[in-house]
Amino acid sequence: MKDLYRQIIMDHYKYPKNKGLNPNKESIIVHLNNPSCGDEISVQINLKSDIITDIRHSGTGCSICCASASVMSSTLKNLDKKTSIETIRDFYGMIRGDQKISELLNYESLAFKGVTNFPARIKCATLAWKAIEKGINSHKGEKNG
Ligand code: ZN
């Protein structure tokens with residue numbers, strides 16, 4: 001099982017999904033870095049009403065950080081703001097060692113469960129998720145709804 005999880009992380013590291021920014025005037029872009037590891041990430045989101053219609057990421061970092069950004073982008077794309085924030089919270093909970101089984105976390109997100117045992121890597125695994133959380137929270141939403 002652990003090897004399978006490691007394989008998911010390595011696949012996303014080597015073949016990241018939604019990599020490369022493609023901003024337009026609707027985009028929200030958040031930059032974050034993790035000095036303890038040297039990870040740097042930019043996350044671009046586009047929202048239409050309350051739906052995240054696009055997520056792109058770019059940056060450099062360790063395999064955990066880059067793979068996590070790829071998994072985050074494919075997990076949260078097309079979710080509404082409320083569900084995405086709940087999913088992000090559940091991801092943080094899992095990384096902290098919460099034993100609750102989250103129905104929101106997909107198989108690829110669960111691959112990061114083992115990071116719980118490596119406290120130094122927790123910031124790596126959550127950096128992209130923190131960036132998008134910040135971006136979602138900065139989105140004011142549309143008037144009248
Ligand atoms: Zn890192």
Side-chain angles (χ1 to χ4, degrees), residues 1-48 50-141:
M1 203 63 182
K2 276 182 179 166
D3 283 347
L4 198 56
Y5 280 163
R6 192 206 306 267
Q7 191 60 50
I8 291 170
I9 291 172
M10 288 317 292
D11 280 353
H12 274 273
Y13 178 55
K14 285 184 192 158
Y15 311 106
K17 301 212 170 104
N18 306 304
K19 177 123 188 181
L21 302 188
N22 183 23
N24 57 48
K25 64 181 169 53
E26 309 294 333
S27 304
I28 297 169
I29 298 179
V30 178
H31 307 272
L32 284 183
N33 66 73
N34 169 24
S36 64
C37 181
D39 304 319
E40 278 185 51
I41 194 153
S42 298
V43 171
Q44 171 206 336
I45 57 173
N46 284 65
L47 290 111
K48 188 161 189 158
D50 265 2
I51 306 294
I52 304 174
T53 55
D54 198 14
I55 304 173
R56 310 283 307 173
H57 61 95
S58 120
T60 54
C62 64
S63 57
I64 300 275
C65 177
C66 294
S68 179
S70 173
V71 169
M72 176 279 287
S73 67
S74 56
T75 302
L76 301 181
K77 195 165 170 175
N78 299 321
L79 295 183
D80 61 45
K81 280 165 71 172
K82 183 171 175 287
T83 308
S84 63
I85 292 289
E86 286 169 2
T87 306
I88 292 165
R89 301 259 157 87
D90 279 2
F91 185 80
Y92 295 161
M94 177 192 75
I95 297 283
R96 283 195 306 264
D98 194 339
Q99 295 302 309
K100 180 179 76 107
I101 307 288
S102 168
E103 289 169 6
L104 295 171
L105 293 179
N106 59 17
Y107 190 69
E108 292 176 311
S109 307
L110 293 173
F112 293 87
K113 206 172 174 58
V115 173
T116 300
N117 302 317
F118 302 94
R121 311 310 294 278
I122 287 175
K123 281 186 185 166
C124 304
T126 56
L127 191 67
W129 300 72
K130 284 185 176 152
I132 193 166
E133 183 184 26
K134 201 173 165 187
I136 293 165
N137 285 331
S138 77
H139 181 252
K140 299 281 188 281

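These numbers were taken from a predicted model, which means no experiment stands behind them. Start at 1 and go down the list; that is how both ligands and their atoms are numbered.
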ask   = What does the angle at the Zn ion (ligand 1) come to, between atom SG of Cys37 and atom SG of Cys124, rounded to 10°?
value = 110°
key: Check: Ser70 side chain, Lys17 main-chain N or O, donor-acceptor pair, under 3.5 Å   = yes
task = Measuring from the Zn ion (ligand 1), name the closest N, O or S atom belonging to Asp39.
result = OD2
inquiry  = Please enumerate all residues that pass side-chain contact (heavy atoms from CB on, under 4.5 Å) together with Thr60, with sequence neighbours excluded.
reply    = Glu40
task = Describe, in one word, how the ring planes of Trp129 and Phe91 are oriented to each other, choosing from parallel (under 30°), tilted (30 to 60°) and perpendicular (over 60°).
result = parallel
query = Quick check: does Cys65 have an N/O/S atom under 2.8 Å of the Zn ion (ligand 1)?
reply = no
inquiry  = Just to verify, what does Cys66 make a side-chain contact (heavy atoms from CB on, under 4.5 Å) with, not counting sequence neighbours?
reply    = Tyr13
